[in-house]
Structures are given as C-alpha cells and as structure tokens.
Enquirer: 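Quick one: this structure, given as structure tokens, is what I'll be asking you about.
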Protein chains: 2
Amino acid sequence: MTRVLVVDDEPQITRALVINLKARKYEVDTAPDGATALQLAAARHPDVIVLDLGLPDMDGVEVIRGLRGWTRVPILVLSARHSSDEKVEALDAGADDYVTKPFGMDELLARLRAAVRRAEPTGGGEDDVIVTTEDFTVDLAAKKVNRAGRDVRLTPTEWHFLEVLVRNAGRLVSQKQLLREVWGPSYGTETNYLRVYMAQLRRKLEADPSHPRHFVTEPGMGYRFER
Amino acid sequence: MTRVLVVDDEPQITRALVINLKARKYEVDTAPDGATALQLAAARHPDVIVLDLGLPDMDGVEVIRGLRGWTRVPILVLSARHSSDEKVEALDAGADDYVTKPFGMDELLARLRAAVRRAEPTGGGEDDVIVTTEDFTVDLAAKKVNRAGRDVRLTPTEWHFLEVLVRNAGRLVSQKQLLREVWGPSYGTETNYLRVYMAQLRRKLEADPSHPRHFVTEPGMGYRFER
DNA sequence: GGCGTCTTTGACAGAACCCTGACGCCCGGG
DNA sequence: CCCGGGCGTCAGGGTTCTGTCAAAGACGCC
C-alpha cells in the first residue's frame with residue numbers, strides 16, 4: 001500500500017486530502033508543521049509527500065532541503081503563491097511538482113500517481129532488480145529474499161538494512177550513511193544497532209555466519225555487500 | 001550534456017524553447033508532429049521530452065503511450081487545454097508533468113530540471129572514480145583497492161592517507177599537509193606517523209616495497225603518488 | 001488485557017587498530 | 001673517521017571497535 005505524508009496547517013485542506021486519499025486506499029500520515037513533517041518522514045518512510053509551503057514554524061523550502069539531505073522521496077508542493085519565482089525556488093530545492101491552490105482534486109491525485117509511479121523501482125530497464133549470490137537471492141522489486149529454495153523472513157528493519165547494502169553492492173557504505181538511511185537523519189552514532197542487525201542478516205543469509213563472505217566489515221569505516 | 005526533445009507544431013513556441021534551452025547548454029532536437037517525435041526519441045535517446053498535446057497527426061496521449069511502451073524518459077506535457085480531465089488523462093498515460101499555455105519560461109525550465117534530476121541514477125550519483133596503475137587500482141567511490149585481482153584491506157587511516165595522495169596524483173604533498181588532512185588540523189610535526197603508514201601502504205600495494213615506484217619520498221619535503 | 005514479534009539497550013570478550021619507542025640504514029658535513 | 005638528521009622497519013601495549021548474547025521495552029493483533 002502506498003503511504004502518503006500530508007503536510008499542511010489548514011485542517012480543512014488536510015481533511016479533504018485525507019478523505020480522498022483513504023478512499024483510494026492510500027495509507028495517510030499528516031503533519032501540521034515542518035518539524036513534525038521531517039520527523040514523520042524519517043519515522044514512517046512515506047512513498048510520497050504532499051507539502052504545503054505555508055507552514056507556521058519554518059519555510060517550506062527549508063523542509064524540502066531537510067528532506068533532500070537524506071531521501072529522494074517524491075515531494076509534491078502545494079502553495080497559494082502563484083509567483084514564478086516561488087515555483088522555481090521550490091522545484092530547484094528538490095520538489096518534484098508544484099500545484100497552486102485552489103487545486104482540483106482529480107488533478108492533484110493524478111499528479112500524485114505520476115510522482116509515485118516514476119519513483120517505482122526501475123521497471124523494464126536492464127537494471128538488475130534481482131541480485132544473486134552463490135548463497136542467496138535478493139529481489140528488490142518483490143522485497144523477497146530466497147535462500148536454498150526457501151523464502152527467508154526478514155523484519156522491516158532487516159530488509160531496509162539489507163536493501164541499502166545491496167543497492168550499493170561492492171561499495172563501502174559508511175556507518176553513518178547506514179544509520180541515516182535506515183533509522184533517519186537524526187541518527188549517526190548508534191553503531192550498536194548496526195552490529196545487532198548485521199548479525200541477524202548474517203545469521204539468516206550467510207552460509208557460515210561467523211565467517212561472512214558477502215557482508216564484509218571494514219573496521220572503523222562501515223560495511224560492504226559483495227555478491 | 002543533457003539532451004532535450006521538443007515536440008510542438010507551432011514554430012514560434014518551438015523557437016522560443018530552443019533558444020532558451022540552447023542558451024542553458026542543453027542539446028536540443030525538435031519534432032513538429034507525433035510520428036517524428038517517436039522516431040527521434042528512439043534514434044536520439046533524449047534525457048527529457050517536452051511534448052505539446054495538440055499535434056497535427058496524432059493525439060498527444062497516443063504519443064505518450066507510444067513512448068511509454070519502451071522508455072521511462074521523463075515527459076513534460078505542454079498544452080493549451082486547462083481542463084482537469086485532459087491533465088488526468090495525460091498524467092495517467094505516463095506523463096511526468098503538465099504545464100498549461102501560456103507558460104512562464106522560468107517555471108518550465110525549473111520543471112524540466114526537476115524532471116531530469118529525478119531521472120538521474122540513484123545511490124548518491126557519484127561516479128566511480130577509478131585510478132589505475134600497473135600494479136594496483138584504487139576505486140575512490142567504493143573505497144576499494146584491488147591488486148592482482150584481490151581486494152586489499154586497508155585500515156581507516158591507511159585509506160585516508162592513500163586517498164589524499166591519490167587525489168593529488170603526480171603532485172608533491174607536503175608532510176604538514178598530509179598530517180593535517182589525515183590526523184586533523186592540530187597535527188603538523190609528527191612525521192613518524194607518516195613513515196609508519198607510508199611503510200604499510202608500500203607493503204600492501206607496491207610490487208617491491210623496498211624500491212617503491214608509486215609512493216615516492218621527497219626527502220625533507222613530503223611524498224608523491226605517481227601512477 | 002495477554003501474547004508474540006520486533007526493536008532498543010547494556011554488558012563483555014575478543015579482535016583490530018593506532019600510537020609509540022627503539023633500532024638500523026643512508027648520506028652529507030664536520 | 002665520526003656524527004647527526006632524515007628515513008624505513010619492527011613489535012609491544014593501550015585504546016577503540018566489533019560480534020554476541022540476553023533482557024527489557026515498544027508495538028500491533030487477537
């Protein structure tokens with residue numbers, strides 16, 4: 001199910017959006033200000049964010065920048081301002097689309113669909129959505145891991161952790177980067193999380209967990225997934 | 001350079017777009033109708049398409065469908081129609097954005113930048129910078145060193161040390177500069193650190209560590225990396 | 001409210017790493 | 001010839017980092 005984060009301080013707009021989105025089987029979170037928005041974005045990992053630029057606590061563009069520091073989630077900006085400069089500023093800060101109020105609900109939903117659609121994993125392309133090693137297979141699209149013919153059960157955090165590593169196959173991923181991507185931008189020093197979850201992944205996926213072949217530790221720097 | 005395909009049958013609009021795009025260092029192709037557009041898209045593989053819906057030979061939505069059959073290239077629709085239905089139809093057919101005429105050039109260009117930006121490859125986007133010598137290769141992005149087909153393990157300090165030298169390939173790096181960059185700004189005289197770590201790097205990377213070819217000592221001055 | 005799953009913490013042993021001091025070599029100058 | 005400075009090498013010990021385990025908290029579901 002697609003998860004949407006609606007950020008707006010006007011209750012009637014928020015309510016209208018929530019009703020329409022829920023009717024179309026979206027999962028919806030709402031935030032009345034920028035701080036809550038950033039926090040919820042990190043905690044809930046929405047698939048798309050609808051962001052009103054006129055927030056009580058901070059400039060909407062700052063919210064965009066705060067998000068773009070660590071995620072590429074589609075951002076659909078909503079604003080009462082029609083000025084070209086405002087649009088350009090928001091778009092260049094990292095917004096994906098800009099809709100002026102008052103807006104047509106049908107159009108907004110269509111733009112939302114478009115934003116979600118193009119953020120989906122590279123479909124027909126030659127990108128390998130499935131990563132194979134000698135010991136197991138990771139299907140990034142289906143969110144499935146297979147080992148010796150059996151599907152392996154991963155918890156949400158385990159999967160997220162694995163995904164970051166696999167998407168950077170061969171590259172070193174720093175501890176800070178892992179923490180930020182999996183737990184959110186306010187994390188960066190809780191390396192014990194990494195140790196615990198790395199151990200879980202190795203236990204579930206490595207042929208010999210005590211001598212990992214695919215999940216390599218680079219002491220003091222981070223971890224690396226090798227196929 | 002980013003390649004744009006402009007599809008429009010009105011010469012004055014096409015011309016205005018071409019001028020503005022070329023001024024911003026885009027490479028531009030133009031097509032006056034749908035058939036030409038589909039053909040050029042296949043032949044030239046543009047990074048983004050600006051598509052007017054009102055074409056003489058076929059319905060604009062058909063062009064979108066024709067493109068989406070084989071490519072995910074961003075499509076920015078341009079149209080005189082303001083109706084919500086039209087927008088929804090185009091967006092759901094696979095368009096990425098919808099701008100109504102008359103449009104502001106600044107806004108259009110900003111939307112174009114947004115469309116191109118999000119189509120960029122994921123994963124931070126940093127290109128793999130690989131430095132090669134006869135004896136080993138250094139991948140600065142993946143933080144990987146390969147020698148004779150095997151990955152060489154470097155400690156954090158060793159890697160940092162190597163990185164500074166490699167980024168200044170061919171240039172002399174003074175002792176003070178090395179110490180400051182690797183150990184921090186309060187260091188500058190602890191040349192024994194350098195001797196120790198230089199020895200480690202040579203032992204791990206040089207074919208003949210006692211007669212280094214790539215890590216050259218400039219007595220009294222500093223070190224130099226030569227490929 | 002009870003239960004199972006998942007996440008977060010804390011503690012600890014073992015491993016990896018970094019600093020340090022000692023020593024020998026080379027070379028130019030006294 | 002002797003001496004001193006700069007450099008390369010080596011190994012020990014303190015420090016940090018990692019793997020592992022267990023248990024407490026948080027959460028959702030029935």
Side-chain angles (χ1 to χ4, degrees), chain A residues 1 3 27 29 39-40 42-45 143 145 152-165 172-176 178-184 186-206 208-224, chain B residues 143 145 151-162 165 172-176 178-179 181-184 186-206 208-224:
Chain A
M1 188 188 287
R3 196 197 306 270
E27 201 172 325
D29 296 317
Q39 190 189 326
L40 274 181
R44 305 271 293 160
H45 289 282
K143 292 207 190 303
V145 182
V152 181
R153 264 187 64 84
L154 294 185
T155 71
T157 308
E158 283 165 10
W159 172 260
H160 209 337
F161 194 104
L162 174 66
E163 196 176 7
V164 174
L165 287 172
L172 173 74
V173 185
S174 76
Q175 309 182 120
K176 188 173 287 185
L178 269 167
L179 282 165
R180 282 214 214 289
E181 293 225 28
V182 178
W183 280 270
S186 61
Y187 290 76
T189 57
E190 298 80 349
T191 57
N192 46 330
Y193 294 10
L194 302 180
R195 298 205 297 279
V196 172
Y197 279 91
M198 181 52 82
Q200 316 245 49
L201 284 181
R202 282 171 175 157
R203 196 175 325 128
K204 290 186 178 182
L205 299 179
E206 289 276 4
D208 180 0
S210 55
H211 299 94
R213 288 180 51 189
H214 305 103
F215 297 101
V216 187
T217 303
E218 302 281 1
M221 303 201 286
Y223 294 91
R224 184 199 308 278
Chain B
K143 289 213 189 325
V145 181
D151 284 347
V152 181
R153 297 203 76 139
L154 296 185
T155 70
T157 309
E158 284 164 11
W159 173 261
H160 209 338
F161 195 106
L162 174 65
L165 288 173
L172 171 72
V173 186
S174 76
Q175 304 184 351
K176 187 172 287 185
L178 270 167
L179 283 164
E181 292 226 33
V182 179
W183 279 270
S186 61
Y187 291 75
T189 57
E190 298 81 347
T191 58
N192 47 328
Y193 293 9
L194 301 180
R195 296 205 296 279
V196 172
Y197 279 93
M198 182 50 84
Q200 314 238 31
L201 282 181
R202 283 170 176 159
R203 193 176 330 127
K204 289 185 178 182
L205 299 180
E206 289 276 4
D208 180 1
S210 55
H211 298 92
R213 288 181 53 187
H214 305 104
F215 298 101
V216 188
T217 303
E218 303 280 359
M221 319 221 3
Y223 295 91
R224 182 200 309 277

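Residue numbering restarts at 1 for every chain, and letters A, B, ... go by the order of the sequence lines.
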Enquirer: Could you say whether B:Thr191 or B:Val196 is positioned toward the 5' end of DNA chain D, judged by the nucleotide with the nearest heavy atom to each?
Expert: B:Thr191
Enquirer: How many Å lie between CE on B:Met198 and C1' on D:dC7, as a whole number?
Expert: 12 Å
Enquirer: Within the distance-only criterion (no hydrogens, no angle test), does the side chain of A:Arg3 pair as donor or acceptor with the backbone N or O of A:Arg44 below 3.5 angstrom?
Expert: yes
Enquirer: Output the rounded distance in Å from CZ (A:Arg195) to P (D:dT16).
Expert: 14 Å
Enquirer: Select one nucleotide: of C:dT8, C:dA16, C:dC18, the one nearest the side-chain heavy atoms of A:Pro219.
Expert: C:dA16
Enquirer: Check whether any side-chain nitrogen or oxygen of A:Trp183 sits under 4.0 Å from OP1 or OP2 of C:dT7, and answer yes or no.
Expert: no
Enquirer: Let me know which of A:Arg195, A:Arg202, A:Arg224 forms a side-chain hydrogen bond (donor to acceptor under 3.5 Å, both in side chains) with A:Thr217.
Expert: A:Arg202
Enquirer: If I take atom OH in residue B:Tyr197 and atom C1' in nucleotide C:dC19, what distance separates them, rounded to the nearest angstrom?
Expert: 7 Å
Enquirer: Rounding to an integer number of Å, can you tell me how far B:Arg202 CZ sits from D:dC10 C1'?
Expert: 16 Å
Enquirer: When you measure from the side-chain N and O atoms of A:Thr217 to the phosphate of D:dT18, is any distance below 4.0 Å, counting only OP1 and OP2?
Expert: no
Enquirer: From the list C:dC18, C:dT7, C:dC17, which nucleotide is the closest neighbour of the side chain of A:Gln200?
Expert: C:dT7
Enquirer: Where the side chain of A:Glu158 meets the backbone of A:Leu201, is there a donor-acceptor pair that is under 3.5 Å apart?
Expert: no
Enquirer: If you check every side-chain atom of A:Tyr223, which of D:dG8, D:dG19, C:dC18 has the closest atom?
Expert: D:dG19
Enquirer: Of all the nucleotides listed (C:dT5, C:dT9, D:dC10), which has the minimum atom distance to the side chain of A:Arg153?
Expert: C:dT5
Enquirer: B:Glu190 has an atom CD; how far is it from atom P of C:dC19, in whole Å?
Expert: 10 Å
Enquirer: Between B:Glu206 (side chain only) and B:Lys204 (backbone N and O only), is there a donor and an acceptor less than 3.5 Å apart?
Expert: no
Enquirer: Can you check the B:His211 NE2 to C:dC25 P distance for me, whole Å?
Expert: 15 Å
Enquirer: Where does the angle between the aromatic ring planes of B:Trp183 and B:Tyr193 fall among parallel (under 30°), tilted (30 to 60°) and perpendicular (over 60°)?
Expert: tilted
Enquirer: Just how far, in rounded Å, is P of D:dG19 from CG of A:Asn192?
Expert: 12 Å
Enquirer: Does B:Thr155 have a side-chain nitrogen or oxygen under 4.0 Å from the phosphate oxygens OP1 or OP2 of C:dC18?
Expert: yes
Enquirer: In terms of side-chain heavy atoms of A:Gln175, which of C:dC6, C:dT9, D:dT18 is nearest?
Expert: D:dT18
Enquirer: Over how many whole Å does the gap from A:Trp159 atom CH2 to C:dT7 atom P extend?
Expert: 14 Å
